[in-house]
Amino acid sequence: MIDLSQTGSGLDGYRLLSAQLEALLSGERDFIANAAQFSAFLFHELADLNWAGFYLVKDGELVLGPFQGKVACVRIPIGRGVCGAAAASRQTQRIEDVHAFAGHIACDSASNSELVVPLVKDARLIGVLDLDSPSLGRFSEVDQAGVEALAAIFLAASDC
């Protein structure tokens, strides 16, 4: 596991994670296979997560995709909760305290902060990447930029 708060110069932190993810996904284009690998990669490489995974757009709502963590909500209406807000706005949602977020959907009561990145390819919303943490304020601007960059690598490596 990489402690991103203790990194210095060189190939470290999110730059190292990006290089590792590119290598991990190299040679595979299947979206589900890559999503499964990516969620496991994030869950085990980023500290202080209790859930990492995907909700995919199907029939106008978000449906649970590959993930790591406890069981989760299966369907989320677009526009509802943090994931639905990210899907509706197509903008990353970085929430320091999910309990203060109007309309938060509590799939896991242990989650206290959340980072949700919308997955958009060729102007089409594919779904969202959802990261949850038991710690308040877990995700920084650096985390947001780093995870957005990782999501872009995943999308470029996957057919969807």
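Bear in mind the structure is a predicted one, so any value in this text is a computation, not a measurement.
- Atom NZ of Lys121 has more than 12 heavy atoms from other residues, nucleotides or ligands within 6.0 Å.
- Pro118 and Arg90 get closest at one heavy-atom pair: CG-C, 3.4 Å.
- At a threshold of 4.5 Å between non-hydrogen side-chain atoms, the residues Asp132 and Val98 do not count as touching.
- Between Leu24 and Phe41 the shortest heavy-atom distance is CD2-CB, 4.0 Å.
- Checked by atom type and distance alone, the side chain of Arg29 pairs as donor or acceptor with a backbone atom of Ala157 at under 3.5 Å.
- Side chains of Phe54 and Asp130 form no contact here, defined as non-hydrogen atoms less than 4.5 Å apart.
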| request: Give the intermediate values and the outcome of side-chain contact (heavy atoms from CB on, under 4.5 Å) for residues Val128 and Leu119. | output: CA-CA 5 Å; Val128 299; Leu119 303 172; 5.5 Å; no
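- Glu114 is not listed as a side-chain neighbour of Phe101, based on a closest heavy-atom distance of 4.5 Å or more.
- For Arg94 (side chain) and Ser113 (main-chain N/O), no donor-acceptor pair under 3.5 Å exists by modelled atom type.
- Scanning both residues, Glu28 and Ala33, for their nearest heavy atoms gives CG-CB, 4.3 Å.
- Counting heavy atoms of neighbouring residues, nucleotides and ligands inside a 6.0 Å radius, atom CG of Asp159 exceeds 12 of them.
- The side-chain heavy atoms of Val57 and Ile126, taken from C-beta on, include no pair separated by under 4.5 Å.
- Residues Ile32 and Pro66 form a side-chain contact, since some pair of their non-hydrogen atoms from C-beta on lies under 4.5 Å apart.
- Checked for salt-bridge contact, Arg138 and Asp143 meet the test: a charged N lies under 4.0 Å from a carboxylate O.
- A pairwise comparison of heavy atoms in Asp48 and Ser135 identifies OD2-OG, 2.5 Å as the closest pair.
- If you chain together hydrophobic residues whose side chains sit under 4.5 Å apart, Val142 and Leu42 fall into the same group.
- In this structure a side-chain-to-backbone donor-acceptor pair under 3.5 Å is present from Asn112 to Pro134.
- The ring of Phe31 has its center no closer than 6.0 angstrom to the ring center of Phe38.
- Listed for the Tyr55 side chain is a donor-acceptor partner under 3.5 Å among the backbone atoms of Cys73.
- Among all heavy-atom pairs drawn from Gln68 and Ala40, the shortest one is CG-CA, 3.4 Å.
- In this structure, Phe139 and Ile95 have side chains that are not in contact, with every pair of non-hydrogen atoms separated by 4.5 Å or more.
- A side-chain hydrogen bond (donor to acceptor under 3.5 Å, both in side chains) check over residues 34-43, counting only residues at least two apart or in different chains, returns the pairs Asn34-Ser158.
- Residues Ile76 and Val63 are members of separate hydrophobic clusters, defined by side-chain heavy-atom contacts under 4.5 angstrom among Ile, Leu, Val, Met, Phe, Trp and Tyr.
- Counting only residues at least two apart or on different chains, the side-chain hydrogen bond (donor to acceptor under 3.5 Å, both in side chains) pairs with a member in residues 70-82 are Glu61-Arg75.
- Residues Leu150 and Leu17 have side chains in contact (heavy-atom distance under 4.5 Å, counting atoms from C-beta outward).
- Other residues, nucleotides and ligands place more than 12 heavy atoms under 6.0 Å from the CD atom of Gln144.
- Under a hydrophobic-cluster definition in which Ile, Leu, Val, Met, Phe, Trp and Tyr are linked whenever side-chain heavy atoms come within less than 4.5 Å, directly or via other members, Val116 and Leu125 are assigned to the same cluster.
- To the nearest 0.5 Å, atoms CG (Leu62) and SG (Cys83) are separated by 6.5 Å.
- Screening residues 64-100 for ring pair (Phe, Tyr, Trp, His ring centres under 6.0 Å), with sequence neighbours left out, gives Trp51-Phe67.
- Between Leu131 and Leu46 the shortest side-chain heavy-atom distance falls below 4.5 Å.
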